[in-house]
Amino acid sequence: SSSDTTHENKIRIAYFPNIGHAIPIVGIEKGFFEESIGNQTKIETRVFDSGPQAIESLFANSIDLAYVGPGPAINGFLNSDNHNVKILAGAASGGASFIVHPNSEINSVSDFAGKKIATPQIGNTQDVSLRHYLSENGLKPAEKGGSVTVYNISNPDIYTLFVKGDIDGAWVPEPWATILETELGGKRLFHEEELWPNKEFASVLLIANVDYVEKNPIIIANFLRSHYETVTWINTNPVETRIVFNNFLNSYLGQSLSDDVIDIALSNLVITADPKPNSIFSFAERADALGYLGRNGYDLSEIFLHFDMNSILEEST
Amino acid sequence: MIITGKNFTPHRIAFYAGIIVIWQIISMVGVWPDNIFPSPYEVAEDLAYSAADGSLFYGIATSMWRLSIGLAIAISGGVVLGIFMARVEVINQTVGSLVLGLQSIPSIAWVPLAILWFGLTDVGIIFVTAIGAIFAVTINTYTGVKNIDPHYIEAARNMGAKGTQLITAVLIPAAFPYMISGFKQGWAFAWRGVIGAELLFSFLGLGFLLNAGRSLNDVSQVISIMIVIMVIGLVIDTVVFKKLENKVMSRWGLQ
Amino acid sequence: MIITGKNFTPHRIAFYAGIIVIWQIISMVGVWPDNIFPSPYEVAEDLAYSAADGSLFYGIATSMWRLSIGLAIAISGGVVLGIFMARVEVINQTVGSLVLGLQSIPSIAWVPLAILWFGLTDVGIIFVTAIGAIFAVTINTYTGVKNIDPHYIEAARNMGAKGTQLITAVLIPAAFPYMISGFKQGWAFAWRGVIGAELLFSFLGLGFLLNAGRSLNDVSQVISIMIVIMVIGLVIDTVVFKKLENKVMSRWGLQ
Amino acid sequence: MTKLEAKNIVKHFSHESHKLTALGGINLKVEAGDFVCLVGPSGCGKSTFLRIIAGLEKPDEGQIIFDGHPVTETSPERIMVFQEGALFPWLKVQDNVEFGLKMAGIPKEERAKISNRYLDMMQLTKFANSYTYQLSTGMKQRVAIARALVMDPDVLLMDEPFASLDAQTRDLLLVEMQLIWEKTKKTILFVTHNVAEATVLGTKIAVFSNRPSIIKKEFENNSPRPRITEDESLLKLQQDILAELRPEVKKSRE
Amino acid sequence: MTKLEAKNIVKHFSHESHKLTALGGINLKVEAGDFVCLVGPSGCGKSTFLRIIAGLEKPDEGQIIFDGHPVTETSPERIMVFQEGALFPWLKVQDNVEFGLKMAGIPKEERAKISNRYLDMMQLTKFANSYTYQLSTGMKQRVAIARALVMDPDVLLMDEPFASLDAQTRDLLLVEMQLIWEKTKKTILFVTHNVAEATVLGTKIAVFSNRPSIIKKEFENNSPRPRITEDESLLKLQQDILAELRPEVKKSRE
Ligand SMILES: Nc1ncnc2c1ncn2[C@@H]1O[C@H](COP(=O)(O)OP(=O)(O)OP(=O)(O)O)[C@@H](O)[C@H]1O
Ligand SMILES: Nc1ncnc2c1ncn2[C@@H]1O[C@H](COP(=O)(O)OP(=O)(O)OP(=O)(O)O)[C@@H](O)[C@H]1O
Ligand SMILES: [Mg+2]
Ligand SMILES: [Mg+2]
């Protein structure tokens with residue numbers, strides 16, 4: 001494709017303008033990544049708002065690293081040529097909730113029948129969780145002849161539907177869960193992690209183009225190091241994280257969120273570099289049961305890229 | 001729907017067969033990896049699969065009925081508006097200019113408003129469809145009417161044609177060769193609008209299937225649905241618009 | 001860019017003023033909550049804001065240059081293709097039918113392919129823009145050429161016009177009144193295509209600003225950008241296409 | 001009774017490189033039942049004058065008084081046969097002929113009865129179902145004449161209706177026109193470049209001058225009817241008219 | 001030397017309700033330098049015949065031999081003046097006239113020199129910059145004639161070129177046509193419905209029968225030139241031609 005020149009002195013990173021992507025946002029805005037990689041390598045960033053687009057860009061060799069949810073990470077791995085897209089690290093865990101519309105009578109899963117529920121995108125993390133949750137509770141979505149109508153519609157549109165009262169509930173990531181709760185009076189029925197073993201599941205992962213990693217081990221090692229360091233910084237500086245995040249929103253979208261929303265949203269998720277492998281495998285099982293992983297079976301045994309950061313860093317110094 | 005031999009000429013068949021062969025060769029040579037450039041075989045397999053489980057036909061039927069209503073609105077609205085724009089300068093200056101402006105807005109930007117006004121209903125999708133198609137009909141009707149030989153209108157008025165009579169007996173038939181072109185485009189844009197709206201509303205139909213393919217990064221499903229969309233477009237063009245066009249053209253002695 | 005008094009007639013001004021007043025009334029009555037239906041005042045404020053910090057003008061400039069290239073491709077390709085479709089039945093049957101089929105595919109469905117083929121570049125956006133616009137140009141050129149009075153072509157051939165000469169000296173000028181209509185639509189669809197592509201690529205331009213507003217549910221920013229898009233559409237239509245159209249029409253004695 | 005009066009009709013046109021006064025003040029009084037033939041050099045403004053009478057064009061000065069009222073718009077009371085036909089290509093010949101009747105709301109069978117009569121008169125019965133592009137130029141002209149005659153208007157405005165007809169067909173139609181006029185006592189304005197034709201048909205022949213044109217001279221013509229082209233008695237009048245015309249054409253050469 | 005030969009030209013057309021044989025086997029030999037006038041009833045197929053010679057229409061049977069070769073396509077060697085003008089509305093009068101010269105790649109100044117000569121001949125100099133909708137019907141017809149004459153073709157095919165001209169303008173052009181023909185010894189085929197005009201111009205007058213038409217009779221015409229419409233010496237020939245024509249028109253009435 002047309003955009004790639006030499007990769008030697010360049011690393012191209014994609015992420016979303018969401019609070020779950022605090023690592024790359026803080027890492028870029030505070031200059032942590034730049035500092036760690038050194039000034040020989042130029043960092044280019046792209047801000048996306050959907051997983052599939054990030055995967056397409058990886059496939060097209062337009063980016064080298066991306067922060068995405070487990071759904072796209074798995075699809076990216078399975079659909080890539082020679083499994084050229086793999087998970088390098090975790091970035092966040094948790095951070096999705098089920099929000100009930102103030103006028104809706106949903107108090108527990110037993111009230112879901114006949115209701116209209118939204119999730120942001122087919123096959124994304126919340127969508128798989130919702131559909132799995134429904135089937136675990138003996139419910140089926142309308143298109144399979146069941147009683148629950150599932151809408152896959154983007155977060156801003158979910159907001160509009162919430163305002164109008166056209167939906168009864170939505171399974172959404174942060175900060176949308178908090179926005180629906182604080183701005184529109186929605187009721188948080190449960191945090192998604194409550195449904196998972198150990199109350200944790202990977203919600204944002206760092207994935208990479210394997211070719212790039214193999215060609216640029218030192219850049220990647222340095223990058224990963226600052227990825228880990230940023231995790232620590234965020235967890236020790238939540239207030240400053242909020243400020244950085246809002247500054248980013250302001251400069252990128254020309255708008256920011258209220259401090260409350262960010263604080264609550266941030267407290268509802270865990271910034272961690274642990275990819276929580278078990279949650280990814282069970283997520284894949286659920287997605288497969290929904291027919292999302294193709295007709296030919298799937299094999300995730302290679303999905304994690306084994307990358308020995310420490311020995312490379314030692315060698316290079 | 002009778003597809004006559006004339007519509008599917010040897011040339012056409014050879015052309016499409018050629019495309020498929022080239023496509024297969026490219027995918028075999030491996031210029032692009034399989035995940036971004038699937039082979040025709042894989043696409044056909046996907047198609048067969050979604051045909052077998054019925055989801056394809058259900059999707060087609062859903063999209064088609066939304067399209068019919070949206071297109072009907074676009075055609076009737078577009079013809080009326082186009083005629084008035086061509087004949088009444090005030091309307092051209094006001095409503096006409098607004099339609100034109102509205103047309104520059106991508107359907108995707110309409111979706112939030114459609115949701116706001118109509119909710120997640122068929123009506124919302126039909127609105128986005130109609131708004132996507134009306135302009136092509138309007139502007140072609142407008143151009144057709146503006147370009148009518150003024151002598152036809154003079155003769156008709158001299159013989160007593162007025163108001164609605166003038167419109168139905170002269171303006172519409174005289175502008176018809178261009179209006180067909182508007183209908184044809186209106187059809188294509190409505191088809192496109194309905195798919196686009198379904199994709200964003202993610203609410204049944206072919207657009208939904210397309211979105212599902214994209215969300216799962218399943219390029220061969222995306223391409224298979226795109227092909228279905230195209231084929232339906234071509235068939236309708238051939239059995240409806242080409243026939244209409246040929247008939248009108250031969251009447252006017254243009255063939 | 002000189003906007004003459006003629007283009008902004010009292011009627012037009014009154015019409016748009018009326019719309020704003022009605023809008024203000026609806027927002028004051030409070031049919032819909034403010035956060036999804038802002039008042040014109042809020043929208044104007046937002047507009048002023050993004051104009052003040054320069055992002056608006058940068059967005060406009062970026063979108064406009066992508067549009068120019070995409071539209072140039074669509075117009076030149078569409079004119080050539082339209083002429084050949086009208087004159088060479090084999091091309092009509094093959095490439096022509098393909099264009100028509102491709103046209104039914106919403107731009108949104110092109111985006112994944114554009115990313116795969118061209119990467120996250122301006123080229124991808126230009127591709128989506130050109131593909132969105134080419135069909136309107138093609139089909140209007142086709143219709144225009146098909147509807148040329150056959151006597152013009154006979155007379156020209158009799159006087160020795162052949163090949164390219166016939167095309168440039170007869171087919172294009174004779175079909176020009178309809179080709180303008182194609183350019184006008186091509187422009188609207190290209191404009192729409194560029195915004196849509198920017199929105200999906202999330203890559204600078206007005207479409208990006210639209211998406212930014214949408215991402216944060218800032219409806220007043222969304223509407224303010226939609227208005228900017230519309231106004232640019234209207235201004236271009238008035239200063240470019242209306243002028244061209246009036247000139248050609250008056251030459252042909254149609255006004 | 002004065003059916004129609006042109007009062008000082010002036011009409012200007014603007015061209016790319018100059019302005020042009022087509023009609024320089026036309027005055028003409030037409031009594032009910034007059035058959036007025038208009039002759040004049042090519043481009044002097046005959047068609048323009050008929051169009052103004054029909055209400056299809058506004059004069060820059062002066063006015064047309066019709067039945068005592070100024071003409072403001074076109075109306076089926078004054079039906080025009082256009083010089084260039086203006087047949088509707090989307091209609092069959094018969095539907096073209098019936099167009100005005102249909103607009104007037106006359107039922108189908110009655111329309112067919114009327115149109116068949118005139119199609120027969122114009123020798124077009126066989127072509128009733130043809131489209132206009134399938135006709136020869138002379139046939140089109142006959143359709144246009146039939147389309148006007150079926151309307152049975154108060155005033156007929158005919159702009160060189162026989163220009164594309166062969167001499168024999170024209171002779172037949174000259175007879176028909178006289179019959180129609182005598183039977184219905186219509187008021188007819190008839191533009192022609194054929195002086196013989198003018199003298200056969202007209203009760204009055206008005207000669208246009210060169211641009212800016214006025215009516216240079218009017219001739220009365222009371223020869224007995226039916227007249228035919230070969231009538232010796234019309235020769236003198238023809239010579240007189242030609243004598244008026246000749247200098248006008250010369251002038252336009254200068 | 002035979003310039004042009006029509007060998008048994010047959011042409012059918014289909015209409016909505018019937019088939020029609022326009023040309024029923026036309027045979028005609030035209031020598032180089034002949035001025036052949038074609039006369040016949042309206043709708044008999046004169047225009048169709050010229051179009052076939054021009055190569056704009058294919059005969060269903062027979063062929064046209066031009067300079068020893070069968071005609072397969074149109075060419076500027078045989079330039080046609082269309083009965084209905086076919087002027088280009090997007091070009092100014094002068095550009096219309098120069099169209100063929102431009103196609104032939106003749107430089108601008110030379111084109112202007114040639115076109116100005118013919119615009120003057122047609123009394124259109126003042127209208128060189130006008131568009132065609134700004135012209136009267138007769139003026140348009142003169143533009144069409146000029147557009148053909150500038151081409152200076154081997155064979156000129158003229159389809160009722162003077163039909164919309166007044167008698168005086170026509171007389172002037174009859175003189176011009178004879179001058180041009182004598183000076184350049186062009187081969188001309190000239191359709192007209194005016195028998196006097198045919199006898200003034202033609203070295204040969206061919207009379208078409210009614211449909212399915214054949215050439216019923218050919219007349220030689222060796223009267224001395226220049227001839228004018230009023231020439232007494234042509235009267236006898238005119239009577240003979242009319243006598244041939246009359247039954248044809250009658251037949252078409254039946
Ligand atoms: N394209 C066509 N389709 C069907 N019929 C046609 C077509 N062109 C000509 N004809 C028929 O062929 C016959 C001859 O037409 P043509 O125009 O050659 O006559 P013409 O002798 O030139 O008559 P005129 O003197 O009226 O111009 C007519 O009866 C006409 O209806
Ligand atoms: N729409 C127009 N725009 C500009 N000039 C026009 C227009 N219509 C007519 N004219 C001019 O007005 C003059 C008179 O035209 P008109 O058609 O009335 O002549 P006419 O007497 O009918 O001629 P003909 O015998 O050739 O039909 C001409 O010089 C013509 O150029
Ligand atoms: Mg005239
Ligand atoms: Mg003819």
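Just so it is clear: chains get the letters A, B, ... in the order the sequence lines come, proteins before strands, and each one is counted from 1.
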Can you tell me which portion of [X] sits under 4.5 Å from chain C's heavy atoms? Options are side chain, backbone, both or neither.
X	value
B:Leu102	both
B:Asp237	side chain
B:Met249	side chain
B:Ile148	backbone

If we only count heavy atoms from C-beta on, is the B:Phe208 to B:Ser63 side-chain gap below 4.5 Å? no

Is B:Val240 close to B:Phe183 at the side-chain level, that is, under 4.5 Å between some pair of heavy atoms? no

Compute the centroid of each ring, for C:Phe189 and then for B:Phe189, and state whether the two points are separated by less than 6.0 Å. yes

Below 4.5 Å, heavy-atom pairs only: which of [options] has the largest tally toward chain C?
options	result
B:Pro177, B:Gly18, B:Gly207, B:Gly253	B:Pro177
B:Val95, B:Leu210, B:Val222, B:Ile223	B:Val95
B:Glu89, B:Lys146, B:Lys184	B:Lys146
B:Val194, B:Ile139, B:Asp149	B:Ile139
B:Ile19, B:Asn92, B:Thr143, B:Ile180	B:Thr143
B:Ile225, B:Ile232, B:Val90, B:Ile195	B:Val90

When every non-hydrogen atom of C:Ser27 is compared with those of C:Ser39, the smallest separation belongs to OG-CB, 3.1 Å

The test is side-chain contact (heavy atoms from CB on, under 4.5 Å); show your working for B:Met179 and B:Val248 and say whether it passes. CA-CA 11 Å; B:Met179 285 167 60; B:Val248 172; over 6 Å; no

So with a 6.0 Å cut-off around CZ of C:Phe84, is the heavy-atom count from everything else above 12? no

Parallel, tilted or perpendicular: which describes the rings of B:Trp187 and B:Phe241, with under 30° parallel and over 60° perpendicular? tilted

Report the C-alpha separation of C:Ser181 and B:Tyr178 in whole Å, then their side-chain angles, then the decisive distance to 0.1 Å, and conclude whether the side-chain hydrogen bond (donor to acceptor under 3.5 Å, both in side chains) test is met. CA-CA 10 Å; C:Ser181 162; B:Tyr178 301 97; over 6 Å; no

What residue in C:Gln185, C:His11, C:Met230, C:Arg192 has the most heavy-atom pairs under 4.5 Å with chain B? C:Arg192

